[in-house]
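Below is one structure, written out as structure tokens, with a few remarks after it.
Letters go in sequence order (proteins before strands), and every chain restarts at 1. Because the structure is predicted, anything quoted here is derived from the model rather than measured.
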Number of protein chains: 2
Amino acid sequence: MTAGDRASRGARQASRDPLSREQIIDAALAFVDERGLDALTMRALAQELGVYPTALYWHVGTKAQLLSAVSARIFEEVALPGAGELPWDAWLAMMARQCRAAIHRHPNLAPIVGSHLVVTTTAIPLVERVIVVLEGAGLAGEELLHVYNSLIGFVLGWVTLELSIEPADAEEGWKDDFARQLRSLDEVAFPALTRNMSLMANNAFMTRWDSGRAKPMDRSFDAALDLLVRGVRASLR
Amino acid sequence: MTAGDRASRGARQASRDPLSREQIIDAALAFVDERGLDALTMRALAQELGVYPTALYWHVGTKAQLLSAVSARIFEEVALPGAGELPWDAWLAMMARQCRAAIHRHPNLAPIVGSHLVVTTTAIPLVERVIVVLEGAGLAGEELLHVYNSLIGFVLGWVTLELSIEPADAEEGWKDDFARQLRSLDEVAFPALTRNMSLMANNAFMTRWDSGRAKPMDRSFDAALDLLVRGVRASLR
DNA sequence: ACCTGAACACCGTTCAAGT
DNA sequence: ACCTGAACACCGTTCAAGT
């Protein structure tokens with residue numbers, strides 16, 4: 001460890017107050033937003049804060065715990081209308097779109113949100129209000145539980161997939177390669193896909209090469225959300 | 001690099017034939033299944049194969065490319081009924097359950113499947129048959145695209161979330177801690193949640209502490225799938 | 001309580017050299 | 001074509017020591 005590990009112009013250089021856990025989480029979130037998940041190392045973050053890497057451990061425990069705290073921030077950013085201001089179906093659709101928007105604001109965190117268990121109370125206000133609305137729609141018991149899981153699982157999961165990480169630039173022309181592979185597919189073996197290729201190419205899961213970061217799938221999300229809410233509506237009778 | 005990096009009893013010790021790309025991918029899949037995603041390093045995998053780490057690079061390019069190839073294997077394992085054997089809605093539900101089952105067979109890969117762009121032709125047969133069935137249900141054009149994305153995004157995303165990674169054992173009693181936090185929630189601030197706590201605790205996204213790996217969410221998945229298919233059915237009229 | 005400084009046991013990857 | 005062997009530039013984390 002050399003003195004060069006400390007930043008010459010870190011945020012800490014100006015403010016000589018001691019580090020805080022909150023400050024570290026804020027810095028980590030900004031870091032991931034700007035430079036990506038892979039670039040976040042304890043050493044690089046420490047340098048950004050003008051501090052030795054090991055100082056972080058005193059505040060946040062471990063890198064995994066830091067990341068978990070950072071991803072929890074996303075749920076605080078979800079802005080919801082008050083319960084009762086909207087009919088239940090409009091409220092749920094609104095909630096879903098607000099969740100998606102919050103994740104889209106931090107796309108580099110999507111892999112964490114989507115694949116790490118959320119064990120934080122910061123999401124509890126959101127949970128509470130969803131339950132209130134579902135009860136308002138006439139749901140209770142097991143049925144309420146399953147509809148809740150359907151909605152939350154759909155939103156968080158679908159958006160995680162939408163924002164998938166693109167392969168690194170190991171092979172440069174991989175996008176063109178994949179596009180070409182799709183275009184030259186055997187139309188005898190795959191008649192339906194080749195017939196709909198202009199529709200599917202780069203627009204559908206498994207036949208796209210741009211991530212939702214570059215090419216958001218707004219229309220498909222709205223459609224999926226509509227189908228799910230329709231399903232709930234139908235099941236209420 | 002010392003000679004100890006090579007395995008003393010690796011699979012390679014017995015078979016002296018040269019490595020192959022397929023063999024490496026197979027070994028990596030088995031490795032991840034047994035020892036987890038974090039345990040997979042190029043060095044450890046090389047040792048398992050009785051070879052120097054750098055030998056892997058000649059065959060698979062890079063670790064990211066290897067992981068992408070490994071996760072593609074999951075889609076080959078999805079067993080589907082022939083198109084036309086079932087009504088469209090039953091076929092789609094079957095497809096969804098088979099996809100979920102395939103991912104559940106390799107839960108440690110869920111984070112990769114859920115958060116890395118799929119750019120492989122191994123999933124094309126699946127795509128083809130889904131389109132055939134959707135066309136059979138009377139869908140075409142944009143509507144077909146959106147329903148396709150709704151279904152695939154739901155299945156892959158929802159299951160990724162279901163199989164979320166649990167926090168490491170940094171703090172040992174974190175499960176009890178979280179459970180206690182939930183139980184001691186203010187019932188004035190969170191009346192709906194506290195009222196339904198026995199229903200929600202460890203059964204719902206954001207209020208559970210066991211991953212779907214230990215505690216599969218079968219009922220909720222089936223319910224969600226049913227709601228979505230109901231929605232599609234309703235939208236066909 | 002909070003941070004430094006050194007050290008440990010790893011990583012992924014490149015590249016020249018061998019066969 | 002396929003693999004070895006050494007080396008580079010990193011990692012996360014622990015721990016004793018300082019203030």
Using nucleotides 8-12 of chain C, report all nitrogen or oxygen pairs with the protein that are shorter than 3.5 Å.
residue	atom	partner	partner atom	Å
C:dG12	OP1	B:M42	N	3.3
C:dG12	OP1	B:K63	NZ	3.2
C:dG12	OP2	B:M42	N	3.1
C:dG12	N7	B:R43	NH1	2.4
C:dG12	O6	B:R43	NH1	3.1

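Every residue meeting the ring-ring contact (aromatic ring centres under 6.0 Å, His included) condition with A:F221, not counting sequence neighbours, appears here in chain and number order: A:F154, A:W158. With sequence neighbours left out, A:R105 forms a salt bridge (Lys or Arg N to Asp or Glu O under 4.0 Å) with A:E77. Every side-chain hydrogen bond (donor to acceptor under 3.5 Å, both in side chains) that A:R73 has, sequence neighbours left out, goes to A:E22, A:D26. For A:R35, the side-chain hydrogen bond (donor to acceptor under 3.5 Å, both in side chains) criterion is met by A:E48, not counting sequence neighbours. Every side-chain hydrogen bond (donor to acceptor under 3.5 Å, both in side chains) that A:R97 has, sequence neighbours left out, goes to A:D222. Contacts of A:D33 classified as salt bridge (Lys or Arg N to Asp or Glu O under 4.0 Å), with partners at least two apart in sequence or in another chain: none. Every residue meeting the side-chain hydrogen bond (donor to acceptor under 3.5 Å, both in side chains) condition with B:S220, not counting sequence neighbours, appears here in chain and number order: A:H146, A:N149.
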Can you give me the dot-bracket string for DNA chain D, 5' to 3', counting Watson-Crick and G-U wobble pairs with both distances under 3.5 Å, using [ ] for crossing pairs and | for partners on another strand?
||.|||||...|||||.||

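Taking side-chain N and O atoms only, A:H59 has no distance below 4.0 Å to OP1 or OP2 of C:dA1. Dashed line: the shortest gap from a side-chain N or O of B:Y52 to OP1 or OP2 of D:dG5 is under 4.0 Å.
We find that CD1 of B:I24 is positioned 11 Å from P of D:dC2, with the value rounded to whole Å. Rounded to a whole Å, the CG atom of A:L45 is 15 Å from the C1' atom of D:dT13. Spacing between atom CD of B:Q65 and atom C1' of C:dT13 amounts to 12 Å, rounded to whole angstrom units. Atom CG in B:L56 sits about 15 Å away from atom C1' in D:dG5, given to the nearest Å. The distance from atom CG of A:L49 to atom C1' of C:dT4 is 16 Å, rounded to the nearest whole Å.
Remark: B:E187 CD is loosely packed, at most 12 non-hydrogen atoms of other residues, nucleotides or ligands lying under 6.0 Å away.
One P atom belongs to C:dA9, the other to D:dA9, and the distance between them is 22 Å to the nearest Å.
Side chains of B:H104 and B:E162: a donor on one and an acceptor on the other come within 3.5 Å.
In this structure, the nucleotide among D:dC15, C:dC3, C:dT13 sitting nearest to the side chain of B:T54 is C:dT13.
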